[in-house]
K.L.:
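Pasting a structure below so you can have a look.
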Amino acid sequence: MKILVLGATGRTGRLFTRKALEQGHTVTAYVHNPDKARKLLGTHQNLTITPGSLEDAEQLAAASSGQDVMVSILGQKATVREFLHTTFMQERLPLIMETVVGAGVKHCVLMSAYGVGDTVRTASFPMRLVCKVIMRGIFTDRVKADALVAEYQPYISRAHPGRLTDKPGRGEVKVFNMASVERTQGIPTIAREDVANTLLTIAENPRNAGTDFLVTIGGATLRSPQK
Ligand SMILES: NC(=O)c1ccc[n+]([C@@H]2O[C@H](COP(=O)([O-])OP(=O)(O)OC[C@H]3O[C@@H](n4cnc5c(N)ncnc54)[C@H](OP(=O)(O)O)[C@@H]3O)[C@@H](O)[C@H]2O)c1
């Protein structure tokens, strides 16, 4: 597949990019810091590092043209200020979606987080506290950004992992359609490596477009099937 990656230099993004190349995909990493990208990602015959700003619709449209799927693993800086209030996603996601979908890409995988929006309803009490207090600023931004791109929903799939770590992946990831989840336990935690691999699995299937996924190594209580 031809994959456009936003956030390829991030801690999850670089693992995703390496895995996608390893699996034989062709990757375009659209980055605002090409030197950093070259240093982190190196060179590969199937990797193109395209310098460009997320605000530059013309450049982003050119990078999007001919891609099968876009994967956004973007994230704002995690400073105290950003935790309190941020508009990072609200400012960028609408133009990204308009441009990428406008260029003909019909599947956009967005890395979100468990606890964002309605997903918090399925969380345990401690996880709800984390979402409503510590993550409030960042998650509010995500909810508002998601609302701004609702019109593109047939094309969007979101991955909702819990707290991320830089430990090696365990490879026992479970992926649930968020709509089927009733409850999770504790504070779900997962390695970035496992999330990166799962993002690739989600991206590889165009039929995943339109679905939100819980990405976890823990269990989840699922809703009983409707009779
Ligand atoms: N931390 C957690 O426990 C947790 C849990 C669930 C979900 N998440 C979400 O998962 C996502 C990925 O997390 P991560 O830790 O892998 O992220 P990260 O290491 O902070 O990477 C963020 C990426 O976004 C890029 N970026 C930031 N500002 C940009 C801008 N203005 N223009 C272009 N690119 C920009 C960064 O590029 P540069 O490095 O070049 O600036 C980097 O590639 C984030 O959205 C995060 O909110 C995090």
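The first residue of the sequence shown is numbered 1, and numbering continues consecutively from there. Keep in mind that this is a model prediction, so the values were computed, not measured. Each ligand, and each atom within it, is numbered from 1 in the order the structure gives.
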K.L.:
Would you indicate whether the side-chain heavy atoms of M127 and T184 approach each other to under 4.5 Å?
P.N.:
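They are not in contact (no side-chain heavy atoms under 4.5 Å apart), so the answer is no.
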K.L.:
Using a 3.5 Å distance criterion without hydrogens, assess whether the side chain of D194 forms a donor-acceptor pair with backbone atoms of V173.
P.N.:
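Between the backbone of V173 and the side chain of D194 there is no qualifying donor-acceptor contact (under 3.5 Å).
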K.L.:
Report yes or no: do V71 and L21 belong to one cluster of Ile/Leu/Val/Met/Phe/Trp/Tyr joined by side chain heavy-atom distances under 4.5 Å?
P.N.:
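V71 and L21: one cluster.
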K.L.:
Report the member of M89, H160, R142, Q76 with the shortest heavy-atom distance to atom 45 (O) of ligand 1.
P.N.:
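Result: the heavy atom closest to atom 45 (O) of ligand 1 is in R142.
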K.L.:
Heavy atoms only: which of M111, K77, R14, K36 is nearest to atom 10 (O) of ligand 1?
P.N.:
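Answer by nearest heavy atom: M111.
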K.L.:
Checking a contact table here: which protein heavy atom is nearest atom 9 (C) of ligand 1, and how many Å away?
P.N.:
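So the nearest neighbour among protein heavy atoms is S112 O, 4.0 Å.
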K.L.:
If you have a sec, work out which protein heavy atom is nearest atom 21 (O) of ligand 1 and how many Å separate them, to one decimal?
P.N.:
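Ranking protein heavy atoms by distance from atom 21 (O) of ligand 1, first comes G10 CA, 3.2 Å.
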K.L.:
Please state whether Y114 comes within less than 4.0 angstrom of ligand 1, counting heavy atoms only.
P.N.:
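Under 4.0 Å: no for Y114.
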K.L.:
Given A159, S53, G75, which one has a non-hydrogen atom that is nearest to atom 24 (O) of ligand 1?
P.N.:
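The nearest heavy atom belongs to G75.
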K.L.:
Please determine whether residues V175 and V116 belong to a single hydrophobic cluster, defined as Ile, Leu, Val, Met, Phe, Trp and Tyr linked transitively by side-chain heavy-atom distances below 4.5 Å.
P.N.:
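No, no single cluster joins them.
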K.L.:
Which heavy atom of the protein is the closest neighbour of atom 36 (C) of ligand 1, given with residue, atom name and distance?
P.N.:
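Here the closest protein heavy atom is T9 OG1, 3.9 Å.
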K.L.:
Tell me which one of D166, L40, L74, N33 gets a heavy atom nearest to atom 34 (N) of ligand 1.
P.N.:
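Nearest option to atom 34 (N) of ligand 1, by heavy atoms: L74.
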K.L.:
Which bit of A37 gets closer than 4.0 Å to ligand 1, counting heavy atoms only: side chain, backbone, both or neither?
P.N.:
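Neither; nothing of A37 gets under 4.0 Å from ligand 1.
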K.L.:
Find all atoms of ligand 1 within a distance of less than 4.0 Å from any non-hydrogen atom belonging to P161, and give their numbers and elements.
P.N.:
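In order of numbering, the contacting atoms are 6 (C).
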K.L.:
What protein heavy atom lies closest to atom 15 (O) of ligand 1? Include the residue and the distance to one decimal.
P.N.:
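The closest one turns out to be R192 NH2, 2.8 Å.
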K.L.:
Return the closest protein heavy atom for atom 20 (O) of ligand 1 as residue, atom name and distance.
P.N.:
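I find the closest protein heavy atom is R11 NH2, 3.5 Å.
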K.L.:
Is the closest basic N to carboxylate O distance between K2 and D68 below 4.0 Å?
P.N.:
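Judged by the 4.0 Å cut-off on N to carboxylate O distance, K2 and D68 do not form a salt bridge.
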K.L.:
Is the shortest heavy-atom distance from the side chain of R11 to the side chain of L164 under 4.5 Å?
P.N.:
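They are not in side-chain contact.
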K.L.:
Ligand 1 versus L54, non-hydrogen atoms closer than 4.0 Å: side chain, backbone, both, neither?
P.N.:
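The side chain, only.
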K.L.:
Using heavy atoms and a threshold below 4.0 Å, how should the contact between H32 and ligand 1 be classified: side chain, backbone, both, or neither?
P.N.:
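Contact part for H32 vs ligand 1: side chain (C-beta onward).
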